Amino acid sequence: MKGRHSSIRSAIALILVAAIVLGFGYILYDIQIVNHEYYISRNNAVSTYTVPIEAARGDIVDRNGNTLVTNRLANSIILDAAYFPPRSENAARNKILYNLIKLFEKSDEEYVNNLPLALKNNKVVFTDDEDAVAVMKGPGAFNVQSYATAQNCFDVMVELYGLEDYSVKDALKIGGIRYELTLRMFSIENRITIADDVSNETVAAIKEDQVSYRGADVKAVSFREYTDSTLAPHILGTVRKINADEYETLKESGYGISDMIGGSGIESAMESVLRGTPGELTITIDNEGNVTEEVTKAPVKGNTVVLTIDKDLQRVAQEELKNVCVDANRTQGAGAVVLQKVHTGEVLCAASYPTYDIYDYYNNYSKLANDPMQPMYNRFALGLYAPGSTFKPAMACAALEEGAITEDTTFACQKTFIYYDHPFECLQLKHGNGSRLSVTRALRDSCNTFFYNCAIKLGIAKMNEYASMFGLGEKTGVEISEAAGVLAGPASAEKYNKTWRPGDTVQSAIGQSDNLFTPLQLANYCATIANGGTRYELHLVKAIIDSSTGSVDDTNIVVAEELPISDKTYSIVKTGMRRVATETDIRHIYNPLEVDVACKTGTSTVQRNGKKANNGFLISFAPYKNPEIAIASAIEWAGSGTSTSSITAALIDYYYSNNTDEPPAQQTGTLLD
């Protein structure tokens, strides 16, 4: 009996051994024969990642091919998650960042810190950026209650990032970089820049010590460079890092969380053209942690944007504008000037004063932003001004075309015009009581009484119909940000919670009341009169040059409206404007010029610091018989439009004394012919 049980146990044991051997044999067969390639691939490569390679932005040049904005290469310090300790190793991360901070501070390098916490009088406080504080408290960062104090946020940060062993001062510095990694979604696919434009010494230190600075690397980055950083800053604009909202919108278009984007001006308006095509870097990490990198797609630089402006004419405009503004008021002088081609809508120069240096925008933004004179404010595109008597040519066109007056119609100027028992003044002292003026003389002398009469005959609806034809009170179509302005009327009165009265119509006829236009609008309105009734959309971009092929795509000239106004009406109005240039005090400014000029001055009264002051305006075109250019200037504190005429004269003189369309400085095909 005993032997029988022993035999059964032996048999069972043999069966189990056989089963195990067969099982291992099957597994070996599966690994080595059936799924050999699969297991080999898993053994040799654990993971592969794709990292975008930044593409350089395209250049911006003037109409003659002269470079205005280009790029320079510089070194930035990035953190690379393929080599940097993982999030679970807080102590290792913090030690490396502390080493980097000490290196940056020793070399006087700026490094990232957007954490809205600061140390003040040994107390942790919020910075003044309320929006940044709200983001920090949100679910994407520290996830605390909205009423959490600065100390509460600091305590959460210390616990989250394991900063208990550091002083408050150092914890805020390290935490600032850790916070940036959180906000910018640091990962192998998303390297984060922590210091820009660093010195060669800093680069060498990091390259030579990959233990202390593990995960930190050097990245060659293109930074915007300006041939003259004071030239046309309101036109060129700025670049900045993409914000979170923009990233959510643009990430499907290939933008990364750390990408640069146009912030204003042409940089913003032409973002899709200037932005290049990013390349791709493929990173492979094998099962032993070895990292290999390969550029699998080369980046492509952005296209070149050719502007309509002439850099030398732009410089003259800026210098002359500054001189006139300072003469008008040394401490508060401000204004704008625009010069355009009358048959294309091309803006040849546009200046705003006070102005700024674009490098100051990047290096000293807070000072610029807090300047009470608002140098970053674009007065030629965004500044809204009551145009004064520069509105009268439009009124004359309307009255003539509607039959309210003829070329020979005269009105008596009695100095004081009574309408609904309310007196409206005419300030032309040269008129005796009862002087009768025709439309051309009324334009020459800027007689308010004449245009009060026109307003009564036309009514505000018809007045505004013609003003709208000239593009007054609406955007010009220029690529950069601009204001629409306001046409005075019942609609504007309702907007401002006022009641439109008959006297407002009278005031509107001389460019007062609620009328508010930009210098861009005034220039284009003048150009429309000059060319005989074709209003063009204004543009600052002349063409695009493809960086890959060199092909040129000319910007199409766009007609906004063909005005249904007769040549005879334009001839009469232009005659009146010519008389302003030849028969008034302004003639000594224009007589020495090589070409004949026609113009209209304007003055509007505004309240400044509780006191009344006059702004001066001037719209001009030249040559009188075959117009090519139109100019509008608006000078705050100028006293009168006549005092602004030196700007116009200087620009006309320069334009006709110098070839503004000289041969291009670079190969641009037939673009600039």
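Heavy atoms only: backbone and side chains are in, while hydrogens, waters and symmetry mates are out. Bear in mind the structure is a predicted one, so any value in this text is a computation, not a measurement.
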### Task
Quick one: sort the Y365 and Y361 rings into parallel, tilted or perpendicular, breaks at 30° and 60°.
perpendicular
### Task
Looking only at non-hydrogen atoms, find the nearest pair between V316 and A650 and report the distance.
CG1-O, 4.4 Å
### Query
How far does OG1 of T555 sit from CD of E537, to the nearest 0.5 angstrom?
11.5 Å
### Query
Going through the checks in order, is the side-chain contact (heavy atoms from CB on, under 4.5 Å) test met by V552 and I545?
CA-CA 5 Å; V552 177; I545 303 176; 4.2 Å; yes
### Query
To the nearest 0.5 Å, how far apart are CG in D596 and CG in N591?
9.0 Å
### Query
Passes ring pair (Phe, Tyr, Trp, His ring centres under 6.0 Å), H343 versus Y536? Steps please.
CA-CA 8 Å; H343 294 294; Y536 294 93; 7.3 Å; no
### Task
Classify the side-chain pair N378/S352 by whether it contains a donor and acceptor separated by less than 3.5 Å.
no
### Task
Among L79, I194, V112, N113, find the residue that satisfies the side chain to side chain contact (heavy atoms under 4.5 Å, CB included) test when tested with E180.
V112
### Message
Using side-chain heavy atoms (C-beta onward) and a distance below 4.5 Å, is F391 in contact with F517?
### Response
yes
#### Entry: For I619 against A632, the heavy-atom pair lying closest together
CG2-CB, 4.1 Å
### Task
Search all heavy atoms of L348 against all heavy atoms of T308 and return the closest pair with its distance.
CD2-O, 3.5 Å
### Query
Is the closest side-chain heavy-atom distance between E54 and K219 below 4.5 Å?
yes
### Message
For D80, is there an ion pair with R191 - N to carboxylate O distance below 4.0 angstrom?
### Response
yes
#### Entry: Side-chain touch C599/I586, heavy atoms, less than 4.5 angstrom
yes
### Task
Grab the two heavy atoms, one from T355 and one from P375, that are nearest each other, plus how far apart they are.
O-CB, 3.3 Å
### Task
Work out which heavy atom in A334 is nearest to a heavy atom in R379; give both atom names and the distance.
CB-NE, 3.5 Å
### Task
Using a strict 4.0 Å threshold on nitrogen-to-oxygen distance, state whether E271 and R57 make a salt bridge.
yes
#### Entry: Test log, rule side-chain contact (heavy atoms from CB on, under 4.5 Å), inputs V135 and L183
CA-CA 9 Å; V135 170; L183 284 187; 4.0 Å; yes
### Task
Walk me through it: do T277 and K297 pass the test side-chain contact (heavy atoms from CB on, under 4.5 Å)?
CA-CA 10 Å; T277 303; K297 180 183 176 183; 4.2 Å; yes
### Query
Any sub-3.5 Å donor-acceptor pair from E479's side-chain atoms to I266's backbone N or O?
no
### Query
Taking 4.0 angstrom as the limit, do K301 and D59 come out as a salt bridge?
yes
### Message
Working to the nearest 0.5 angstrom, can you tell me the gap between T518 OG1 and L538 CG?
### Response
8.5 Å
### Query
Charged N to carboxylate O below 4.0 Å: is that the case for R315 and D228?
yes
### Task
Answer with yes or no whether the side chains of N329 and E636 bring together a donor and an acceptor at under 3.5 Å.
no
### Query
Would you say the side-chain atoms of E109 pair up with the backbone N or O of S199, donor to acceptor, closer than 3.5 Å?
yes
### Message
Can you tell whether the side chains of R72 and D197 come within less than 4.0 Å, N to carboxylate O?
### Response
yes
### Query
Taking all atoms of both residues into account, what is the closest heavy-atom pair of G335 and Y385, and its distance?
CA-OH, 4.4 Å
### Message
Assess, by modelled atom type and distance only, whether the side chains of E482 and T476 contain a donor and an acceptor separated by less than 3.5 Å.
### Response
yes
### Atom CD of E110 with >12 non-hydrogen neighbours under 6.0 angstrom
no
### Task
Answer yes or no: is there a donor N or O on one side and an acceptor on the other, between the side chain of N190 and the main chain of M185, under 3.5 Å?
yes
### Message
Between E320 and S646, is there a side-chain donor-acceptor contact under 3.5 Å, judged purely by atom types and distance?
### Response
no
### Query
Within a strict 4.5 Å, meaning less than it, do heavy atoms of the L563 and Y570 side chains meet?
yes
### Query
Hey, do the aromatic rings of Y356 and H234 have their centres closer than 6.0 Å?
yes
### Side-chain donor or acceptor of E628 paired with backbone N/O of P623 under 3.5 Å
no
### Task
Could you walk me through whether E346 and I309 pass the side-chain contact (heavy atoms from CB on, under 4.5 Å) test, one step at a time?
CA-CA 8 Å; E346 293 173 275; I309 70 168; over 6 Å; no
### Query
Between N515 and G511, is there a donor-acceptor pair closer than 3.5 Å when you use the side chain of the first and the backbone of the second?
no
### Query
Between D310 and N658, is any pair of side-chain heavy atoms under 4.5 Å apart?
no
### Query
Got a donor-acceptor contact below 3.5 angstrom from the N71 side chain to the A56 backbone?
no
### Query
Has K322 got more than 12 heavy atoms of other residues, nucleotides or ligands less than 6.0 Å from its NZ?
no
### Task
Look at the side chain of T601 and the backbone N and O of T642, then say whether any donor-acceptor pair between them is shorter than 3.5 Å.
no
### Task
Using only heavy-atom distances, determine whether the side chains of N364 and D360 contain a donor-acceptor pair under 3.5 Å.
no
### Heavy-atom donor-acceptor pair, Q340 side chain to N524 backbone, under 3.5 Å
yes
### Query
Between S643 (side chain) and A638 (backbone), is there a donor-acceptor pair under 3.5 Å?
yes
### Message
Would you say that L472 contacts L522 through its side chain, given a criterion of any heavy-atom pair below 4.5 Å between the two side chains?
### Response
yes
### Query
Is it true that D259 and R275 make a salt bridge, defined as a side-chain N closer than 4.0 Å to a carboxylate O?
yes
### Message
Once rounded to the nearest 0.5 Å, what's the spacing between atom OG1 of T648 and atom CG of L618?
### Response
4.5 Å
### Query
Does the side chain of S389 reach to within under 4.5 Å of the side chain of K600, using non-hydrogen atoms?
yes
### Message
Is the shortest side-chain heavy-atom distance between I261 and L250 below 4.5 Å?
### Response
yes
### Message
I'd like to know if the side chain of S640 pairs up with that of T603 as donor and acceptor (distance under 3.5 Å, no hydrogens or angles considered).
### Response
no
### OH-CD1 distance between Y226 and I60, expressed to the nearest 0.5 angstrom
7.5 Å
### Query
Any donor-acceptor pair under 3.5 Å linking the side chain of T238 with the backbone of G263?
no
### Message
Whether the D357 and S229 side chains hold a donor-acceptor pair (N or O, under 3.5 Å, no angle test) is what I'd like checked.
### Response
yes
### Task
Measure the SG-CG distance between C349 and L540 for me, rounded to the nearest 0.5 Å.
10.5 Å
